[in-house]
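Each remark here refers to the structure printed beneath this line.
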Protein chains: 2
Amino acid sequence: MTATRSTRQRDVIAQVLGRATGPLAVPEILGLAQSDLPGLGIATVYRTLKLLTEQGQIHPVTLDGETRYEAAGKGHHHHFSCTRCGRVFTLHTCPVTLPSGTVYPGGFVVEAHEVTLYGQCPECAAN
Amino acid sequence: MTATRSTRQRDVIAQVLGRATGPLAVPEILGLAQSDLPGLGIATVYRTLKLLTEQGQIHPVTLDGETRYEAAGKGHHHHFSCTRCGRVFTLHTCPVTLPSGTVYPGGFVVEAHEVTLYGQCPECAAN
DNA sequence: CTACGTGCAAAGGTTTTGCATAGAG
DNA sequence: CTCTATGCAAAACCTTTGCACGTAG
């Protein structure tokens with residue numbers, strides 16, 4: 001079996017994602033992690049993201065052509081993408097009710113859904 | 001002002017997207033277009049997709065880490081991604097009602113929304 | 001000590017760009 | 001004819017991989 005070690009790099013990357021208010025893109029993760037661990041290389045970030053994803057600790061989210069990552073285990077939620085500042089936030093409310101098994105016109109059997117809202121985040125809306 | 005010419009390449013690419021039952025990825029567009037126009041180059045596909053997007057004739061959609069393109073002007077709709085065969089379909093029903101201007105808890109001002117459903121398409125569900 | 005993990009640099013893919021030629025108007 | 005559009009090949013990106021060194025256990 002595979003022995004997975006605990007390293008400062010992995011801890012820092014996991015912490016960065018744990019503290020985030022929404023899914024982060026790779027450059028954001030690198031930047032934030034480097035402020036805690038200056039020498040960190042991009043290859044390690046990619047390798048760690050892949051590892052954490054396989055372990056189910058984080059989850060990839062694709063939004064506007066960019067792959068972002070967020071900590072797992074935060075329950076059912078969706079995302080809000082600010083059209084002004086470009087940041088992405090996690091929303092804990094869900095605007096749809098689609099029980100697994102719902103059948104859509106045409107015979108599409110729904111197993112899951114994903115919603116993204118676009119608009120202005122509180123900060124941008126205030127300015 | 002810019003003079004935009006009508007060419008066989010542009011026509012073919014626009015037709016391919018117009019005939020599609022859902023958003024297409026670049027390799028799909030290239031393949032389908034090449035069956036009508038063998039010598040077509042990938043660079044022309046990218047340039048044309050960019051042009052048509054700027055003109056508002058098509059619309060990019062990101063799904064599962066891939067950027068796809070669909071003809072515009074088909075009204076409000078969403079997408080269904082088949083978890084078995086991987087194809088993406090356009091749905092003409094909408095499971096949410098979010099008038100522009102809706103304010104979400106925390107002060108997020110909603111301007112638009114995007115929904116993707118995952119499950120089995122009619123064909124896969126039947127087998 | 002013995003692997004696994006890391007950083008660096010090179011390799012792979014995909015998208016964009018430069019340039020000479022083809023073709024729309 | 002003139003000037004935009006195309007195809008090819010090179011360049012620019014982003015992500016993955018190979019390798020020698022660092023380090024957790």
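These numbers come from the heavy atoms of this one structure, side chains and all, not from hydrogens, waters or symmetry mates. We name chains A, B, ... by the order of the sequence lines, and we start the count at 1 in each one.
- Rounding to whole angstrom units, CG of residue A:Leu37 and P of D:dG22 are separated by 16 Å.
- Between the P atom of C:dG5 and the CG atom of A:Leu40 lies a distance of 15 Å, rounded to the nearest Å.
- Contact annotation for B:Ile42: no contact, since no heavy-atom pair falls under 4.0 Å across all strands.
- Remark: C1' of D:dT16 and CG of A:Leu51 are 15 Å apart, rounded to the nearest angstrom.
- Salt-bridge formation is not detected for the pair B:Glu70/B:Arg68: no Lys NZ or Arg NE/NH1/NH2 atom is positioned less than 4.0 Å from an Asp or Glu carboxylate oxygen.
- Heavy-atom nearest nucleotides on DNA chain C were determined for B:Arg8 and for A:Val45, and the one closer to the 5' end corresponds to A:Val45.
- For the pair A:Arg5 and B:Val26, both in contact range of DNA chain C, the more 5′-proximal nearest nucleotide belongs to A:Arg5.
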Kindly indicate, with the supporting measurements, whether the criterion salt bridge (Lys or Arg N to Asp or Glu O under 4.0 Å) is fulfilled by A:Asp64 and A:Arg87. CA-CA 11 Å; A:Asp64 302 312; A:Arg87 284 183 298 172; over 6 Å; no
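- Within the 4.0 Å cut-off from OP1 or OP2 of D:dT23, not a single side-chain nitrogen or oxygen of A:Gln9 is found.
- Judged purely by distance below 3.5 Å, without hydrogens or angles, the side chains of A:His92 and A:His78 never pair a donor atom with an acceptor atom.
- For A:Arg10, a side-chain nitrogen or oxygen approaches OP1 or OP2 of C:dT6 to under 4.0 Å.
- For B:Lys50, whose side chain is taken as the heavy atoms from C-beta onward, the closest listed nucleotide among C:dA3, D:dT6, C:dT17 is C:dT17.
- Evaluation of atom-type donor-acceptor distances gives no pair under 3.5 Å for the side chain of B:Arg47 against the base of D:dA5.
- Between the side chain of A:Asn127 and the backbone N or O of A:Glu123 there is at least one donor-acceptor pair closer than 3.5 Å.
- The side chain of A:Ser6 lies closest to D:dG25 when the candidates are D:dT2, C:dA9, D:dG25.
- For the pair B:Thr7 and D:dT4, the criterion of a side-chain N or O lying under 4.0 Å from OP1 or OP2 is not met.
- Comparing C:dG5, D:dG7, C:dC8 by their closest approach to the side chain of B:Thr44 singles out D:dG7.
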